[in-house]
Amino acid sequence: QLQLVESGGGLVQPGGSLRLSCAASGFTLDYYNIGWFRQAPGKEREGVSCISRSGFTTTYADSVKGRFTVSRDNAKNTVYLQMNSLKLEDTAVYYCAADRLTVQAMCANARVIDYWGKGTLVTVSS
C-alpha cells in the first residue's frame, strides 16, 4: 500500500526554523516528483515547493523563496523541507504529495495530484 507520512511539524516562534520530512512506504519514491503543499484555515491548498525525481529541478512559491529549501534522499525514500525565518503566515497544515506531473504542473495543480500524506501542523506564533 502506497503511503506518505509527514513529520517534523510543531510550534515555533517567528524567525525560527523547522525541518519537515516526508517518508514513503509501499513504493519507491524516486519514481515520482514530490511536492510540499500547505493549507491554512479558510484557504485553499497551495503549492509550496516541488522537487523532481532526480532532485535537479525545484520550484518554490514566491512567498517562501530564499527561506525554504526542498531536498530528497532517494536512498532513504525521504524528502525534506527545511524552513527558515518562519513567519506568522507560514502557519498551516503541510502535506507532501507524489505524482508524475512536471514539478511546475504539480505545484500549480494540487487538485490533480494522485498521492497525499495526511499532513503535519506547523504553527508559527510568539
Side-chain angles (χ1 to χ4, degrees):
Q1 183 179 358
L2 191 154
Q3 281 192 318
L4 295 167
V5 179
E6 303 92 338
S7 62
L11 175 64
V12 63
Q13 292 186 338
S17 297
L18 284 174
R19 188 175 82 155
L20 305 184
S21 299
C22 172
S25 63
F27 70 107
T28 302
L29 201 62
D30 58 4
Y31 288 164
Y32 292 87
N33 295 331
I34 302 297
W36 284 99
F37 295 78
R38 66 186 180 187
Q39 189 164 19
K43 295 189 176 181
E44 289 195 0
R45 194 169 297 189
E46 64 172 348
V48 174
S49 180
C50 293
I51 185 167
S52 64
R53 291 169 54 185
S54 65
F56 289 156
T57 303
T58 58
T59 63
Y60 294 92
D62 288 343
S63 58
V64 306
K65 281 180 182 176
R67 301 188 297 121
F68 291 11
T69 303
V70 64
S71 62
R72 65 191 297 163
D73 185 339
N74 288 338
K76 294 183 177 180
N77 232 22
T78 303
V79 175
Y80 305 97
L81 185 68
Q82 178 67 43
M83 306 187 296
N84 298 328
S85 302
L86 283 160
K87 303 177 180 181
L88 297 175
E89 53 265 38
D90 294 320
T91 295
V93 177
Y94 283 72
Y95 300 89
C96 67
D99 206 283
R100 292 179 179 174
L101 295 170
T102 65
V103 292
Q104 293 83 0
M106 195 174 179
C107 262
N109 295 285
R111 295 184 181 185
V112 302
I113 291 173
D114 287 340
Y115 304 111
W116 291 93
K118 293 184 178 181
T120 185
L121 177 63
V122 172
T123 303
V124 184
S125 175
S126 55

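These values consider heavy atoms only, across backbone and side chains, with no hydrogens, waters or symmetry-generated copies. We number each residue from 1, following the sequence as shown.
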Under a 4.5 Å side-chain heavy-atom rule over Ile, Leu, Val, Met, Phe, Trp and Tyr, are [X] and [Y] clustered together?
X	Y	value
Ile34	Leu2	yes
Met83	Val124	yes
Val122	Tyr95	no
Leu20	Ile113	no
Tyr31	Val5	no

Between [X] and [Y] (salt bridge meaning N to carboxylate O under 4.0 Å), is one present in this structure?
X	Y	value
Lys65	Asp62	yes
Asp114	Arg100	no
Lys118	Glu6	no

Which atom of [X] lies closest to which atom of [Y], heavy atoms considered:
X	Y	result
Ala97	Phe37	CB-CE1, 3.9 Å
Ala92	Arg38	CB-CB, 3.8 Å
Thr78	Ser21	CG2-CB, 4.2 Å
Ala24	Leu29	CB-CD1, 3.5 Å

Glu89 atom CD, over 12 foreign heavy atoms within 6.0 Å: yes
Inter-residue atom distance [X].[atom1] - [Y].[atom2], 0.5 Å rounding:
X	Y	atom1	atom2	value
Leu81	Thr120	CG	OG1	11.0 Å
Leu86	Arg67	CG	CZ	6.5 Å
Leu4	Asn77	CG	CG	9.5 Å
Trp36	Thr58	CH2	OG1	15.0 Å

Between [X] (side chain only) and [Y] (backbone N and O only), is there a donor and an acceptor less than 3.5 Å apart?
X	Y	value
Asn74	Arg53	yes
Ser125	Thr123	no
Thr59	Ser49	no
Arg72	Asn33	no
Thr102	Ala105	yes

Side chain to side chain contact (heavy atoms under 4.5 Å, CB included) between Phe27 and Tyr115, worked out: CA-CA 11 Å; Phe27 70 107; Tyr115 304 111; 5.9 Å; no
Distance-only donor-acceptor check, side chains Asn84 and Ser17, under 3.5 Å: yes
Arg19 charged N/C atom sitting above Tyr80 aromatic ring, 6.0 Å / 45°: yes
Disulfide (SG to SG under 2.5 Å) contacts in which one or both residues fall within residues 33-103, not counting sequence neighbours: Cys22-Cys96, Cys50-Cys107
Parallel, tilted or perpendicular: ring planes of Phe68 versus Tyr94, cut at 30 and 60 degrees: tilted
